[in-house]
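Report on the following structure.
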Amino acid sequence: MLVHRRTKRGKLAITFVATAALAISALPAHAVNAYKVDGVSATTITLGITSPLTGAAAPGYNKVPYAMQAYFNYVNDNGGVNGRKIKLIIKDDAYNPVLAKSVTNDLVLQSKVFALVGSLGTAENEATTRFINDHNVPRLFINTGYSGFADATKYPTTYTVLPSYVMEAKIMGQYIKDNFAGKSVAIIYQDDDFGADALKGFAVAGTKFIAKIPYASGSQADPTVVGKWISGLAQAKPDVTIMFGVSSATAAALGGAYKAGFKTQWILGSVGGDGTTIATVAGPTAVGLLYGAIGASFLPAPTDTSDPYIAQFQAINTKYNAGASFDNNVLQGMNTAMLTVEALRAAGTNLTRASLLKAIAKSGSTFASAGFAPLGYSASSHVGYNGYWFGSYGPTGAIKPIGGTYTLYTTDSGSGAVTQTVSKRPAMPAKGLPNN
Amino acid sequence: MLNRRLTPLSRAGILAFIGFVLLILSRFVGELRNYQGAQVAVYVIAISSITLLTGYSGQISLGHGAVMAIGGYGAALSFSLWNFPFELAILFGAAVGTLSGFILGVAAARLSGPYLAGTTLALAVGLPTIADQFKVLGGEQGLSFDIGDAPTWVRKIGGADFTQYKWFFWICIIVALLSLWAITNLLHSNYGRNWRAARNNAVAASLAGINVARGKVLAFTVSSALASLAGALFGLLLGIVTPTAFPLSLSFAIVTGAVLAGVSNLAGSIVGAVVLVAIPEVSGALATHLGGSQKVTANLPGLVTSLLLILVVLFMPNGLRIKKFKGKK
């Protein structure tokens, strides 16, 4: 390498410039907000979301924020919320907590967002918790099923929307008890908190496994790992096999089993059961492998155009989200956006962060949404949906409710019982525009 | 700062003055700038670890993100599991990183050029994911490293609205300046001269009685100490340590920072660090200005970094520094 002999003055100048650069970086970011409440003006409400738009976790998930934006634009074109238009600032965190924290800082301190909505990822949300709590920023409808976020004391401004993985596993366990009594069961699961949450739920449900196959997140890309799953299953010969992982792992397991000629009744966890995402990560032919498998969801099937919410959201998607195929990710995004609009409406014209949080606690459980499971929001609970229905996959990867009707199982993340109900959800407001 | 004629004491004086100015400045700026300032300080330490290793000892590491992970995990583990006070936890993280650096350094001394780069790269890819495999390391959820607010006596000095981010800024700036002081002194000692001699011509250096292999191991160890210290502070800034906090891109980022700084230029590490922190903000503003599609916006920081790197290597191979003054010689 080069060594430069520099003069004393040159070195002093470098030191000076370097210090000045650091000092300039510390200058105020921008002028003080003219309004009393961050992110709210007479005409706009600014919201923020962090989500993976690039990197390994992006396929599928990167559609969520744009679906939300599409729905907000639709609402804006129809008068907005109490006269204010919603602006959504989307930030990429590449599914990395470091970036999540830094872009959340930008959103709150620089862009001065009023609230965060739909931010994705367990570790990503965890990394920003302290900051969010300190600044009392509402963090609504986060996209993670980790049961820990239900703790309203630890996360006072956070509201979850997805049923937790513990709930999902408990419900799945009950479903197996009801429909596959006496059959042998095996499970493939992601060996981290995601899988640990699931095992917790299955333990509460009393599900006994003849084979448990853990895998490290990411190892599903290795064919020898997948080969071991299938040989493990072939040896145990389970009647029913639960796949509790992400879409790429589901695709690998179904593909491996098909190649090896191994047959079992697959039950897929909701995270790894979206046909369109499987087609994105494993190719369009992979969806055929889903045929006959059983899956769980709390939203209607995205292909079910007889559902008023689906029909409306599809229409919005066509007009405001050009080029995006309508799938579970888009559905989840639009549904979250709809809940957000209802929460903002419920908080009234005199919008503050406190009034928003209070409004969800007070009337959040009555919000209209596409979800078949009830919303559990109250003064003491920040937990959203708490149930699932089961469906079977057709040859095109579309899921349809078993028996033709949405039979719903609900429960909690603790030791509460699993109950079976017929879903009753609030009717969709006219044109999908909240009127609460 | 690097002037050989300066004594360690006068260097300490200059750095103390810079620190004093920055700490005063922190009172007048917003939280975001304080956080970014703390990030800059952490990057300064990380980049200077590369400057020392590559610029002065001639060894290439693409795996310093992994060494940062060791420091981060060491600190978080001792903080959350054994209830160490955070100052001790940071030192503990650095100590674990130093030890690992020594072991790595022994292997590294036998490798050079692309072989060393490849080995360290493998480390950066593999090491952080190991945390997924051990319950004690917290799995994907990671380990909490939330040190809370500043103690009362600091808040008395710092003023009424002494937020956590200001506290972070203070900690990181002080540690960064202490590190710079220590490295500068080291580089101007026998060790620094021996490293440079061995880098420029290993055969001539050993003929002159310098133990080249030992020097390389020592350089790798010291560099790892700095990187793991930066990793521990990184964890502190995040409040949490997870495998995804130390991705491969982090290793590349600090090497990029070092190249932008001019890889044998310690003072330049500050410029490199400022650039690294500024890139996302600048490219964000650029994207808003250009009004490009969403995919462009998401990928713009990567593009800006790569372009900057290519331009610097082509046109300013000694880094983003001002032209030499035509001083009297």
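Hydrogens, waters and symmetry mates play no part in the numbers below; they use all other heavy atoms, side chains included. In what follows, chains are A, B, ... by sequence order, proteins preceding strands, each numbered from 1. A quick note: this is a predicted structure, and the numbers were derived from the prediction, not measured.
- Heavy-atom distances place both the backbone and the side chain of A:N105 under 4.5 Å from chain B.
- In terms of the salt bridge (charged side-chain N to carboxylate O under 4.0 Å, His left out) criterion, A:K87 has no residue partners (sequence neighbours excluded).
- A salt bridge is absent between A:K212 and A:D191: the closest approach of a Lys/Arg side-chain nitrogen to an acidic carboxylate oxygen does not fall below 4.0 angstrom.
- Contact count versus chain B (heavy atoms, under 4.5 Å) is highest, among A:G148, A:A127, A:A58, for A:A127.
- At a 4.5 Å heavy-atom cutoff, B:F246 makes no contact with chain A through either its backbone or its side chain.
- Ring planes of A:Y74 and A:Y320: perpendicular class, angle over 60° (limits at 30 and 60°).
- Heavy atoms of B:L250 lying under 4.5 Å from chain A are absent altogether.
- Chain B forms more heavy-atom pairs under 4.5 Å with one residue of A:K101, A:E126, A:K91 than with any other, namely A:K101.
- You'll find the ring centres of A:F244 and A:F194 inside the 6.0 Å limit.
- Defined by atom type and a distance below 3.5 Å, a donor-acceptor pair is present between the side-chain atoms of A:D222 and A:T224.
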